[in-house]
Amino acid sequence: MDKKPIGVFDSGYGGLTVLKEIIGLLPEYDFIYLGDNARSPYGNRSFDTVYAYTRESVEWFFRQGCPLVILACNTASAKALRTIQQKDLPGHYDEKRVLGVIRPTTEVVGKYSKTGEVGILATLGTVQSNTYPIEIAKFFPELKVYQEACPMWVPLVENNEYQSPGADYFIKQHIDRLMARSPDIDTILLGCTHYPLLINKIKQFLPTGITLLSQGEIVAHGLQDYLSRHPEIDEKCSRNGHYSFFTTDSSEDFDAHAASFFGKAVKSGHLSL
Ligand code: DGL
């Protein structure tokens with residue numbers, strides 16, 4: 001059988017924070033990463049646009065032979081995944097699978113809270129889709145979920161301005177707004193794969209005693225579990241420990257910024273979708 005890498009997709013760099021954790025857990029698998037940096041951020045875009053962009057990227061992965069694609073982007077998972085799974089795969093790509101980052105997160109988030117109140121920090125698109133409250137209610141119906149959209153955070157990260165004093169204003173603003181909704185929030189989920197880069201700044205403005213969750217490890221364990229439960233997909237995934245990177249924008253820029261997300265230097269190729 002012709003085995004192929006697992007595809008990992010994000011609107012830009014954020015998915016690298018997830019890929020890093022996946023590789024930490026499953027280093028033997030091969031992965032192709034694609035960042036649609038030329039069209040990022042996705043967070044403020046309409047459903048139709050996020051769906052169209054995500055579908056194009058998924059089809060590119062399928063042309064590379066990937067049997068499985070992970071949307072390592074909450075916005076794409078919230079706005080495009082269901083349509084891709086329900087409309088695009090059946091009858092066209094019956095053998096392929098596309099998974100997102102929201103489901104594995106919602107399966108566990110309630111376990112971290114003692115008060116039964118959690119906050120979600122995410123892009124406007126993810127918040128407006130209401131996917132988190134809807135999905136969390138399936139696993140933790142009693143859990144109270146408060147969402148806060150942080151539209152400036154991805155641009156700050158993508159433009160490498162997140163360590164500037166200007167960034168502090170926007171980071172504090174959204175933390176304060178979220179915490180003002182309820183003093184009993186004891187767990188906050190970073191519902192955007194770019195946000196782990198902001199973790200030190202976020203901690204600086206958070207009241208003490210709050211558990212801060214980022215998704216990388218959760219998604220990595222979710223993928224490991226999925227592969228063990230789906231041997232028919234697992235056997236199609238190649239395992240040479242080979243990782244390749246592509247961007248729809250400048251590969252020089254991508255390589256210059258990717259290390260802060262991925263933890264080490266990468267060499268990417270450019271592609272036009
Ligand atoms: N990393 C994407 C997410 O998780 C960022 C979305 C964007 O491009 O705005 O939502």
Side-chain angles (χ1 to χ4, degrees), residues 7-22 33-58 69-82 84 98-106 109 119-133 135 147-162 167 170-171 174 188-199 202 212-220 222-223 245-249 253-254 257-258 260-262 273:
V8 178
F9 172 71
D10 182 52
S11 60
Y13 300 108
L16 290 169
T17 63
V18 175
L19 180 59
K20 179 180 159 199
E21 300 297 335
I22 291 177
Y33 182 87
L34 172 59
D36 189 9
N37 298 77
R39 303 189 291 196
S40 129
Y42 281 11
N44 297 343
R45 296 190 188 276
S46 70
F47 262 86
D48 288 349
T49 303
V50 173
Y51 165 60
Y53 289 177
T54 306
R55 193 192 53 204
E56 277 178 19
S57 300
V58 166
V69 177
I70 312 294
L71 303 183
C73 173
N74 287 270
T75 311
S77 300
K79 291 190 156 186
L81 179 62
R82 182 180 294 219
I84 289 172
V98 181
L99 303 174
V101 288
I102 293 182
R103 173 71 184 240
T105 309
T106 57
V109 67
I120 312 272
L121 297 165
T123 66
L124 190 64
T126 300
V127 168
Q128 283 177 342
S129 76
N130 231 19
T131 309
Y132 269 105
E135 293 296 319
Q147 301 190 89
E148 171 70 13
C150 314
M152 289 298 289
W153 287 15
V154 170
L156 284 170
V157 172
E158 287 276 319
N159 292 298
N160 210 21
E161 285 291 335
Y162 60 96
F170 290 105
I171 293 169
H174 293 298
I188 293 182
L189 170 73
L190 303 183
C192 171
T193 56
H194 282 69
Y195 295 175
L197 272 272
L198 303 173
I199 208 153
I202 294 171
L212 197 56
L213 298 175
S214 44
Q215 293 174 300
E217 268 182 59
I218 295 171
V219 172
L223 176 60
F245 301 84
F246 293 88
T247 175
T248 55
D249 208 340
D253 284 352
F254 187 88
H257 292 124
S260 49
F261 295 81
F262 189 57
L273 286 170

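Positions are given from 1, in the same order as the sequence printed here. Whatever order the structure lists them in is the order used to number ligands and atoms, beginning at 1.
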If we count only N and O atoms by modelled type, under 3.5 Å, do the side chains of [X] and [Y] hold a donor and an acceptor together?
{"X": "Asp36", "Y": "Thr248", "value": "yes"}
{"X": "Thr247", "Y": "Asn37", "value": "yes"}
{"X": "Gln215", "Y": "Thr193", "value": "no"}

Suppose the criterion is side chain to side chain donor-acceptor pair (under 3.5 Å): which pairs have a residue in residues 12-21, not counting sequence neighbours?
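Of all non-adjacent pairs touching residues 12-21, those that pass side chain to side chain donor-acceptor pair (under 3.5 Å) are Tyr13-His257.
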Sequence neighbours left out, what passes side chain to side chain donor-acceptor pair (under 3.5 Å) with Thr131? Give chain and number order.
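Residues passing side chain to side chain donor-acceptor pair (under 3.5 Å) with Thr131: Ser129.
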Taking only residues two or more places apart in sequence, or in another chain, which ones meet Thr49 in a side chain to side chain donor-acceptor pair (under 3.5 Å)?
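Result, side chain to side chain donor-acceptor pair (under 3.5 Å) vs Thr49: Ser46.
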Show the distances, to 0.1 Å, for all pairs joining an N/O atom of ligand 1 and a protein N/O atom that are shorter than 3.5 Å, listing one pair per line.
from, atom 1, to, atom 2, distance (Å)
ligand 1, 1 (N), Asp10, OD1, 3.0
ligand 1, 1 (N), Thr193, OG1, 2.6
ligand 1, 1 (N), His194, ND1, 2.7
ligand 1, 4 (O), Asn74, N, 2.8
ligand 1, 4 (O), Asn74, ND2, 3.2
ligand 1, 4 (O), Thr193, N, 2.9
ligand 1, 4 (O), Thr193, OG1, 3.3
ligand 1, 8 (O), Ser11, OG, 2.5
ligand 1, 8 (O), Tyr42, N, 2.7
ligand 1, 9 (O), Tyr42, N, 3.3
ligand 1, 9 (O), Gly43, N, 2.7
ligand 1, 10 (O), Asn74, N, 3.4
ligand 1, 10 (O), Thr75, N, 3.1
ligand 1, 10 (O), Thr75, OG1, 2.7

